[in-house]
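We're numbering straight along the sequence, starting at 1. These numbers come from the heavy atoms of this one structure, side chains and all, not from hydrogens, waters or symmetry mates.
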Amino acid sequence: MKTALLVAVRLALAAASVAGVVTQVVLSIRADFSLVSVFSYFTILSNLYASTVFVVGAVRLLRGVPSSRVWEVVRGASVVYLAFVGLVFNTLLVGADLGELVRWVNVVHHMVIPAAVVLDWFVDRPRHRQPVSMIWAAAIVPAVYTAYSLVRGALVGFYPYPFFNPARVGGHGGVALWCAALLVGFLVLAVLVRASGNAMVRRRAARADAPRAA
């Protein structure tokens with residue numbers, strides 16, 4: 001029963017997230033807004049990633065595929081990215097001009113999916129200890145994304161977020177400070193996700209050892 005419910009919830013969440021992305025794409029086409037710019041938002045990319053993880057995770061459950069260390073690193077990265085999206089949007093970007101945002105899409109992408117991904121991590125708990133390399137693996141994507149956003153912004157004048165735009169944060173020095181702070185935030189979240197996963201693995205092992213010790 002738990003497996004069937006988890007599968008259904010994961011597929012429903014993935015569908016809602018993808019529907020939000022499709023809605024933004026349609027609106028952008030109607031407004032003659034660059035599709036490249038649409039997919040330059042970390043929110044869009046991370047929601048597509050989370051949707052993929054949800055779908056693959058649902059299929060793995062249906063097929064009875066056991067969890068693996070690599071798969072849990074993939075899931076952990078999703079938790080880091082979506083937790084970051086939720087925290088940054090609901091603190092630093094409240095009231096910021098991020099283009100045309102449909103209310104329900106905004107709620108799904110910045111609130112529902114981030115919360116659901118984090119909750120899913122604790123419901124379907126990791127079974128393998130995560131290496132320290134998980135932290136650096138989770139940081140690679142945002143580092144590449146930041147470099148892409150800065151280079152493309154300098155070339156075409158479009159910055160997906162105000163903290164990438166030198167004109168909005170006091171020049172390139174301000175951009176550098178923001179990027180450093182955001183990267184530190186990613187690393188802190190990755191450390192917390194790894195620690196929580198390993199703590200759940202230890203508790204599982206302790207429960208399994210308890211009957212033998214008795």
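- The structure places CG of Leu150 at 11.0 Å from CG of Leu155, a figure rounded to the nearest 0.5 Å.
- To the nearest 0.5 Å, atoms OG (Ser46) and OH (Tyr81) are separated by 10.0 Å.
- Side chain of Asp124 to backbone of Asp120: no donor-acceptor contact under 3.5 angstrom is found.
- Clustering ILVMFWY residues whenever any of their side-chain heavy atoms sit less than 4.5 angstrom apart, transitively, puts Val55 in a cluster other than the one holding Ile113.
- The CG atom of Leu87 sits 9.0 Å away from atom CG of Leu92, with the distance rounded to the nearest 0.5 Å.
- A ring-centre distance under 6.0 Å is found for Phe42 and Phe186.
- Between Trp71 and Val56, the closest side-chain pair of non-hydrogen atoms falls below 4.5 Å.
- Rounded to the nearest 0.5 angstrom, Arg127 CZ and Arg204 CZ are separated by 4.5 Å.
- Contact annotation: the side chain of Arg125 never approaches that of Arg203 to less than 4.5 Å [non-hydrogen atoms, C-beta and beyond].
- A heavy-atom distance below 4.5 Å is not found between the side chains of Ser149 and Tyr159.
- Annotation: side chain of Leu61 is in contact with side chain of Arg10 (closest heavy-atom distance under 4.5 Å).
- The shortest non-hydrogen separation linking Pro131 to Arg69 is CD-CD, 4.1 Å.
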Residues Val107, Val112; criterion side chain to side chain contact (heavy atoms under 4.5 Å, CB included); working and verdict: CA-CA 6 Å; Val107 171; Val112 174; 3.9 Å; yes
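- Hydrophobic clustering keeps Val80 apart from Val123 (ILVMFWY residues linked when any side-chain heavy atoms are closer than 4.5 Å, directly or through intermediates).
- Across all their heavy atoms, Pro162 and Val169 have their closest contact at O-CG1, 3.7 Å.
- Residues Val26 and Arg30 have side chains in contact (heavy-atom distance under 4.5 Å, counting atoms from C-beta outward).
- Considering CE of Met200 and CZ of Phe122, their distance stands at 5.0 Å, rounded to 0.5 Å.
- Separation of the Tyr161 and Phe89 ring centroids does not fall under the 6.0 Å cut-off.
- Summarising the geometry of Ala50 relative to Leu82, their closest heavy-atom pair is CB-CD2, 3.6 Å, with the distance given to 0.1 Å.
- For Arg194 (side chain) and Met134 (main-chain N/O), no donor-acceptor pair under 3.5 Å exists by modelled atom type.
- For His109 (side chain) and Ser17 (main-chain N/O), a donor-acceptor pair under 3.5 Å exists by modelled atom type.
- Two residues are said to be in side-chain contact when any heavy atoms from C-beta on lie closer than 4.5 Å; Val74 and Tyr49 meet this criterion.
- Few gaps surround CH2 on Trp104; more than 12 heavy atoms of other groups in view lie less than 6.0 Å from it.
- The hydrophobic clustering, which links ILVMFWY residues whose side-chain heavy atoms are closer than 4.5 Å, places Val53 and Val118 together.
- Contact between Pro160 and Tyr41 at its shortest, heavy atoms only, is O-CE2, 3.1 Å.
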Trp121 vs Ser196, side chain to side chain contact (heavy atoms under 4.5 Å, CB included): CA-CA, chis, key distance, verdict: CA-CA 9 Å; Trp121 178 250; Ser196 67; 3.1 Å; yes
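- Across all non-hydrogen atoms, the minimal contact from Val191 to Ile135 is CG2-CD1, 3.6 Å.
- Between the CG atom in Asn47 and the NE2 atom in His110 there is a gap of 7.5 Å [rounded to 0.5 Å].
- One hydrophobic cluster, built from ILVMFWY side chains closer than 4.5 Å, holds both Phe33 and Leu27.
- Residues Val144 and Val151 fall into different hydrophobic clusters, defined by Ile, Leu, Val, Met, Phe, Trp and Tyr side chains chained together at heavy-atom separations under 4.5 Å.
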side-chain hydrogen bond (donor to acceptor under 3.5 Å, both in side chains) between His128 and Ser67, intermediate numbers included: CA-CA 8 Å; His128 303 273; Ser67 188; 4.9 Å; no
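- Crowding of Arg152 atom CZ: a count of heavy atoms from other residues, nucleotides or ligands under 6.0 Å exceeding 12.
- The closest donor-acceptor contact from the side chain of Tyr145 to the backbone of Leu45 lies at 3.5 Å or more, if one exists at all.
- Val184 belongs to a hydrophobic cluster whose other members, connected by ILVMFWY side-chain contacts under 4.5 Å either directly or through intermediates, are Val188, Leu192.
- Contact annotation: the side chain of Leu183 never approaches that of Thr146 to less than 4.5 Å [non-hydrogen atoms, C-beta and beyond].
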Side chain to side chain contact (heavy atoms under 4.5 Å, CB included) between Cys179 and Phe164, worked out: CA-CA 8 Å; Cys179 290; Phe164 288 149; 4.0 Å; yes
Derivation and outcome, side chain to side chain contact (heavy atoms under 4.5 Å, CB included), residues Phe39 and Val21: CA-CA 9 Å; Phe39 289 99; Val21 173; 4.1 Å; yes
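- Residues Val36 and Ser40 form a side-chain contact, since some pair of their non-hydrogen atoms from C-beta on lies under 4.5 Å apart.
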